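Please read these numbers as outputs of a predicted model, since none were measured by experiment. Reminder, nothing fancy here: chain letters follow the sequence lines and each chain counts from 1.
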There are 2 protein chains.
Amino acid sequence: MACARTSLRDVARRAGVSPSTVSNVLNGRLDRMRADTSERVLRAMRELGYTPNQVARQLRTGQVSTIGLIVPSVANPFWGLVARGVEQVALERDYHVLLCNSERDPAREAQFAEILLNSGMRGLIFGSSSLSLDHLAKAGARGLRVVTFDRSLADAGPFVAGSVEIDNVLGARLAVSHLLGLGHRRIGLLSGPIRTISRRKRLAGYRQALADAGVQPSADLVWEGPGLTTYGDAEGAELGRIGAHHLLSVPARARPTALLTINDMYAIGACAGARDLGLRVPQDISVIGFDDLPVFAEVVTPPLTTVRQPVREMMRTATAQLLARLEGETDGSAPEHAVVTPKLVIRSSTSRPSMPNDDRAGARGADQPDP
Amino acid sequence: MACARTSLRDVARRAGVSPSTVSNVLNGRLDRMRADTSERVLRAMRELGYTPNQVARQLRTGQVSTIGLIVPSVANPFWGLVARGVEQVALERDYHVLLCNSERDPAREAQFAEILLNSGMRGLIFGSSSLSLDHLAKAGARGLRVVTFDRSLADAGPFVAGSVEIDNVLGARLAVSHLLGLGHRRIGLLSGPIRTISRRKRLAGYRQALADAGVQPSADLVWEGPGLTTYGDAEGAELGRIGAHHLLSVPARARPTALLTINDMYAIGACAGARDLGLRVPQDISVIGFDDLPVFAEVVTPPLTTVRQPVREMMRTATAQLLARLEGETDGSAPEHAVVTPKLVIRSSTSRPSMPNDDRAGARGADQPDP
DNA sequence: TTGAAAGCGCTAACAT
DNA sequence: ATGTTAGCGCTTTCAA
C-alpha cells in the first residue's frame, strides 16, 4: 500500500547533482553536460525506479499528451474501430486517448469538451457529425482544437484544425446505381434519425441517383426511424429490423425490391426484418449497407453488399492532423480537409429483382418466382 | 487562439478575497464563510468564466478522477459494451475513463499500467483474463488498484481491489447440456488460443458436461486457433470460420453435429464456415455461442443460441468496486469477488441432430435427411 | 557544465 | 470568518 513516489529531487540527491540537471537528462538535453554526469543520473534513476510524474510536468509545461475522442456510440463496432485507429496513431507518437461516449447528446459533448480542456488537453477528435458545431464553440474559443469527421469545412469555426470526410453523397449514389443497374426501380432507404450531416448526404446521394436515372422518388420508400433510447447506435440493427417491417409490410406491387440502409448495422437488422416477413435476401429483396464493417459484413448471412469506409486510414489522417496542429507543425495554415472516396463492395445481399417492377424494365429476366 | 486561462487568483482578486476562500468555495466548504462572501466569489467566477485547472488540483491533491480500462480488443463489440458499462458508472460519479486497447499484449498492458500511474491515476479495470497478473504487480506495488475480470481471487496480488467473474465453467456446461439434451453426441469446441482463464474454464466446463453424460471426449473435436495477428479479436469471426472449416471438413460419420464456440463472434464465423461447406445451421450442424452480444446474436442468421453474459451489470459492479476502493470506502477489507450466473438463451442455431450419431441415441427422430 | 531560484494553479495547515 | 504561507514535482531562465 506504500505510495511514496520517488521524485526528481530524490534522483538528484542520489546522483549528487541538482534537480535541473536531472530535468535536462529527462528531456534529452545530454549535450549540456559531461557524459559521466548523465550516466550517474541515469543510474540513480534506475536504482530508484524513478518515473517522472506527468501531472507535475503537465502543470509546469501546460502540455498534456492526451487527446480526446468523442464518439456517438461505443456499442457500434464501427466506433470501436475508429477508437482503435485513433489510438494506434496516438500511441506511436506517445499520446493517449480519452474515450468519450456521447450517445449523440450535444449537452454531453459540450461537457466533455470542457472537461478535456480543464484537464489540460488541447485536442479532440469529434466523431459525431451533428448538424452544428456550435456547442463546441465555447471550448474552441478557450483553445480546444478539434478535428471533425464527416463534415466539410464550410461551417467550421476557427477552432477546427482539420477534417476527414468520406464522400457520402457518392457512396449512396454508388449503392443506388448498383441497384438500378441490377434492374431495381422501387428502391427504399432505411435510416435512423437523419439528423447528422453524413446521413443527410447519404439521403441526398440516394435521391440524386434516382433522379439521374429518371426514377420517380417516393416518400413512402424512405423510412426515418425515431431518435434513440438508452442503447444508442447498437439499436441500429433493431431499428433496421423495425424499419424493414414498415417498408416491406405492403402489397407486393408497392413493396420496394431493394433497400439501401444507412449503415451495416441497419442492413443486418433489415435482413432479419425481411426474413421475419418470409422474404428472402437477395431473391425477394436486395439489401445494401454502408461502412463495410470488417468481418461482420463478410460473415453475416448473406454476406453484405456495402459501401466501404476505410476507417483505419481515415482515423490515421484525422489523428495526424490533430497532432500536427497541437505540436504547432501547421500553425497558421488553413485546416486540411481530407475527402476519401468510398468503394462499393459487392457481395451477396443484392441481386436482380425477381420481378421487374417498372415499365421500363420489362426485358429483364425473372430468376425467382414471386413468393 | 487566446489561451490565457483565468486562475483562482484572478477570481480571488476580483471578489476581493484570498485564494483560500475561493478554494473553499470550490470545494463546497461554504460553512466556513458568510453567505455574501461565497456569493461574491461565485459571481466573480461566473463573470470571469472561471473553470478550475484539474491538473493543478491533481498535482496538489494527488488525486485524479480518471480510471483506466484495459481491454483486449476494442474491435470486438463485446468490449465496446464493456467500455460503455464502465463509462456510465464512472460518469455518474464524476470519473472519466481512459481507454487502453492492449491487443492482448502483456508488455503493452504493463506499459499502460505505468502510464496510468505516472499520470496520477490510481485505479484500473483489467478486462483481459490473461493467465497471470504478474506483469501488473510492479504497478500494483506502486499503488495501482485493479479490479479484474473473469478471474478468481485465488492468485490475486494485494493490489487487486475486486473481481467480477461470470461462472464460465457453468456457462459451458449449460451449453453442452443443452446440446446433449437435443441428442448430440459429437460436440466440438471451437476457440482461439486458450490462453486466458475464461477460455480455460469454458473448456473445462465443456469437458465436464461431456464426462457427466458419459460421452467419450475426442481431441479431434477441439479446435484451438492460432494467436492473433494485427486485427485482434475482430478476427474472432474469421478464426471461427477457419476453425469450422477444419472441424467440419471430415467424413460425415466423424463430423461433429454441434459446435460450442468460445464467443459469439466465433459463432457467427462458424456459421459462415459451415455454410461455406454447404452445411445448414442448425439442420446439419448446431452452433452455440457465448456472450449473447446484444442485437447481433438476435439479428444474425440464424439467431444464435448462446450463453448470456450480463455485461452491463458486471461492469457496473466492477466499476463500483474500484471507485469504492479508491475512495477508501472499503479500506482494509478484503477484495470483493462477484460471481454472476450465466444464462442459456435458446434461439435458432441449435436443433436436434438430423442423424443420431451415438449408439445410445437410437430412439431419436431424424427430422432432416443427411445431405 | 552545472546549480539556484522562481513559479505553473491549486490546497491545506496554521495564523489572525 | 478570512488570510498567509508553504509546498505538490517539475521546468526554465539566469547566474556561476
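Heavy atoms of Val55(B) sit nowhere under 4.0 angstrom from any nucleic acid atom. As judged by a 4.0 angstrom heavy-atom cut-off over every strand, Val17(B) is placed among residues touching the sugar-phosphate backbone only. Backbone-only contact: Gly16(B) has heavy atoms under 4.0 Å from sugar-phosphate atoms and none from a base.
For Ser20(A) against dA4(C), a side-chain N or O and a base N or O form a donor-acceptor pair under 3.5 Å.
When the side-chain nitrogen and oxygen atoms of Arg34(A) are compared with OP1 and OP2 of dT2(C), one or more of them lie within a distance under 4.0 Å. Dashed line: the shortest gap from a side-chain N or O of Arg32(A) to OP1 or OP2 of dT2(C) is not under 4.0 Å. In this model, the phosphate group of dT11(C) is approached by a side-chain N or O of Asn27(B) to a distance below 4.0 Å at OP1 or OP2. Considering only side-chain N and O atoms, Ser23(A) lies under 4.0 angstrom from the phosphate OP1 or OP2 of dT11(D). In this model, the phosphate group of dA12(C) is approached by a side-chain N or O of Arg29(B) to a distance below 4.0 Å at OP1 or OP2.
Minimum atom distance to the side chain of Ser7(B) is reached by dC10(C), of the listed dT2(C), dT12(D), dC10(C). The side chain of Arg57(A) sits closest to dC10(D) out of dC10(D), dG9(C), dG3(C). In this structure, the nucleotide among dC10(C), dT2(C), dG9(D) sitting nearest to the side chain of Thr21(A) is dT2(C). Taking every side-chain heavy atom of Thr37(A) into account, dT2(C) is the closest of dT2(D), dG9(C), dT2(C).
The 5' end of DNA chain D is approached more closely, in terms of each residue's nearest nucleotide, by Asp31(B) than by the other of Arg60(B) and Asp31(B). Closest-nucleotide positions on DNA chain D for Met33(B) and Thr61(B) were compared, and the one nearer the 5' end corresponds to Met33(B).
Look at CD on Gln54(B): it is 9 Å from P on dC10(C), rounded to the nearest Å. If you take CG of Asn24(B) and P of dC10(C), they are 14 Å apart, rounded to a whole angstrom. Taking atom CG on Asp10(A) and atom C1' on dG9(D), their separation rounds to 10 Å, with Å as the unit. As a whole-Å value, the separation of Leu30(B) CG from dT2(D) P is 11 Å. Straight-line distance from the OH atom of Tyr50(B) to the P atom of dG9(C): 10 Å, rounded to whole Å. One can place CE of Met45(B) at 15 Å from P of dG9(C), the figure rounded to the nearest angstrom. Distance Arg40(B) CZ to dG3(D) C1': 13 Å, rounded to the nearest Å. To the nearest angstrom, P of dC10(C) lies 12 Å from CZ of Arg13(B).
Taking each heavy atom of Leu98(A) and Thr66(B) in turn, the nearest pair found is CD1-CG2, 4.1 Å.
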Show, in sequence, the C-alpha distance, side-chain angles and deciding distance for Arg316(A) and Glu92(A), and conclude whether the salt bridge (Lys or Arg N to Asp or Glu O under 4.0 Å) test is met. CA-CA 11 Å; Arg316(A) 181 161 281 279; Glu92(A) 278 170 17; 3.4 Å; yes
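Annotation: side chain of Phe78(A) is in contact with side chain of Val311(A) (closest heavy-atom distance under 4.5 Å).
Of the possible polar contacts, one joining the Gln321(B) side chain to the Ser163(B) backbone as a donor-acceptor pair under 3.5 Å is found.
Remark: Glu103(B) does not engage Arg108(B) in a salt bridge, criterion side-chain N to carboxylate O under 4.0 Å.
Remark: the Thr51(B) side chain and the Arg142(A) side chain contain an N/O donor-acceptor pair separated by less than 3.5 Å.
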